[in-house]
Student: 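Handing you a structure now.
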Amino acid sequence: MRLWAEGSGKGIGRAVRATVKGQVADINRKVIARGVRAVNALRNAEQEVLKGQRSGRVYRKPYTKKATYTASAPGEPPARRTGNLRLHWNGDVKGGTTSGGGASLTAALESGEPYAILLEHGTSKMAARPFVERIKEKAAPEIKKIFSGPYT
């Protein structure tokens, strides 16, 4: 960062403030960009957690004669039958500035499927198939790595 002063008297203070303000805006843009990378890390972790074979009961796929799929056992992440849960995720990054001029960031990934909450917590007729904590645990090292780098 390079600071310079132009003018005399009050003008010097304004020149320094303008330069620092530009640097803060640049860092805030970099924070938002890292937020987008964090959402991508969450999305990649979600894809990993929700893929693979499960060990539950074997069912016949609806509207087929012989095709089957293996459901998830209680406590496992949900098995894929239609693929909708894996496909319908929305990432969002909201950023702003704090009262001190620093960056504020919220990076979120949420499912667009209404039954995702039922799978996560279970119902009176179905045990929970938790997956949210596993996604966060899988993404945490990558997100820490993204935000730990220098902002130069």
Side-chain angles (χ1 to χ4, degrees), residues 1-3 16-152:
M1 175 167 80
R2 189 172 146 232
L3 292 177
V16 171
R17 261 195 308 275
T19 302
V20 172
K21 189 174 183 179
Q23 291 293 321
V24 169
D26 185 49
I27 290 172
N28 286 346
R29 281 190 296 276
K30 290 177 182 178
V31 168
I32 298 296
R34 289 182 188 204
V36 171
R37 289 174 48 203
V39 168
N40 288 337
L42 283 167
R43 178 74 170 135
N44 292 339
E46 172 268 322
Q47 292 288 316
E48 286 290 318
V49 168
L50 294 180
K51 79 174 187 180
Q53 192 66 28
R54 302 294 182 242
S55 63
R57 195 170 141 194
V58 176
Y59 291 92
R60 183 179 62 83
K61 286 186 178 181
Y63 312 110
T64 65
K65 293 185 180 188
K66 294 183 180 179
T68 61
Y69 75 98
T70 305
S72 57
E76 286 182 335
R80 183 176 71 183
R81 190 184 73 162
T82 64
N84 284 339
L85 182 63
R86 285 186 70 200
L87 290 174
H88 297 122
W89 289 81
N90 303 312
D92 189 27
V93 178
K94 293 180 182 170
T97 57
T98 62
S99 60
S104 168
L105 176 78
T106 302
L109 182 71
E110 65 181 8
S111 176
E113 290 299 324
Y115 60 83
I117 192 82
L118 301 174
L119 290 168
E120 176 69 21
H121 298 291
T123 67
S124 62
K125 297 182 179 185
M126 178 193 75
R129 269 59 176 181
F131 56 94
V132 172
E133 283 301 317
R134 290 179 186 177
I135 292 170
K136 289 193 289 188
E137 288 170 6
K138 190 157 194 73
E142 180 67 20
I143 292 172
K144 286 178 185 173
K145 184 176 163 187
I146 288 168
F147 285 103
S148 65
Y151 287 87
T152 57

Student: Above 12 or not: heavy atoms from other molecules or residues under 6.0 Å from CD of E110?
Tutor: no
Student: Are E142 and L42 side-chain neighbours, meaning at least one heavy-atom pair lies under 4.5 Å?
Tutor: no
Student: R43: which residues meet the salt bridge (Lys or Arg N to Asp or Glu O under 4.0 Å) condition with it, sequence neighbours left out?
Tutor: E46
Student: Other residues, nucleotides and ligands only: do more than 12 of their heavy atoms fall within 6.0 Å of CZ on R134?
Tutor: yes
Student: Is there any ring pair (Phe, Tyr, Trp, His ring centres under 6.0 Å) pair reaching into residues 113-134, and which pairs are they, with sequence neighbours excluded?
Tutor: none
Student: To the nearest 0.5 Å, what is the distance between CG (D92) and CG (L109)?
Tutor: 10.0 Å
Student: So do P62 and R81 actually touch side chain to side chain, heavy atoms under 4.5 Å?
Tutor: yes
Student: Counting C-beta onward and ignoring hydrogens, is there a side-chain heavy-atom pair between L50 and W89 closer than 4.5 Å?
Tutor: yes
Student: Got a sec, which residues hit side chain to side chain contact (heavy atoms under 4.5 Å, CB included) with P74, two or more places apart in sequence or on another chain?
Tutor: A127, R129
Student: Could you report the tightest heavy-atom contact between V39 and A107, atom names first, then the distance?
Tutor: CG2-CB, 3.7 Å
Student: Using the side-chain contact (heavy atoms from CB on, under 4.5 Å) definition, which of the options R80, R57, R54 pairs with S72?
Tutor: R54
Student: Just jot down the salt bridge (Lys or Arg N to Asp or Glu O under 4.0 Å) partners of K144, sequence neighbours excluded, or say none.
Tutor: none
Student: What's the separation between atom CG in L119 and atom CD in E113, rounded to the nearest 0.5 Å?
Tutor: 10.0 Å
Student: Under the side chain to side chain contact (heavy atoms under 4.5 Å, CB included) rule, collect the residues that match up with K51, sequence neighbours excluded.
Tutor: E48, R86
Student: I need the I117 CD1 to T123 OG1 distance, nearest 0.5 Å.
Tutor: 12.5 Å
Student: Could you grab the distance from atom CD of E120 to atom CG of L118, nearest 0.5 Å is fine?
Tutor: 11.0 Å
Student: Provide the full list of ring pair (Phe, Tyr, Trp, His ring centres under 6.0 Å) pairs with a residue in residues 39-83, sequence neighbours left out, each pair given once.
Tutor: Y59-Y69
Student: Given side chains that start at C-beta, do those of V93 and T106 come closer than 4.5 Å, heavy atoms only?
Tutor: no
Student: So, using side chain to side chain contact (heavy atoms under 4.5 Å, CB included) as the criterion, who are the partners of A73 when residues are at least two apart?
Tutor: S55, E76
Student: Residues in side chain to side chain donor-acceptor pair (under 3.5 Å) with T70, at least two apart?
Tutor: Q53
Student: Indicate the atoms forming the closest heavy-atom contact of I143 with A41, along with that distance.
Tutor: CG1-CB, 4.1 Å
Student: Taking ring pair (Phe, Tyr, Trp, His ring centres under 6.0 Å) as the cut-off, I'd like each qualifying pair that reaches into residues 21-41, sequence neighbours left out, listed once.
Tutor: none
Student: Work out which heavy atom in L85 is nearest to a heavy atom in S111; give both atom names and the distance.
Tutor: CD1-OG, 3.7 Å
Student: Under the side chain to side chain contact (heavy atoms under 4.5 Å, CB included) test, which residues partner T64, sequence neighbours left out?
Tutor: R60, K61, A67
Student: Taking only residues two or more places apart in sequence or in another chain, which ones pass salt bridge (Lys or Arg N to Asp or Glu O under 4.0 Å) with R29?
Tutor: D26
Student: Does K136 have any side chain to side chain donor-acceptor pair (under 3.5 Å) partners at least two apart in sequence or in another chain, and if so, which?
Tutor: E133
Student: Just verifying a value: how many Å separate R37 CZ and N44 CG, rounded to the nearest 0.5 Å?
Tutor: 12.0 Å
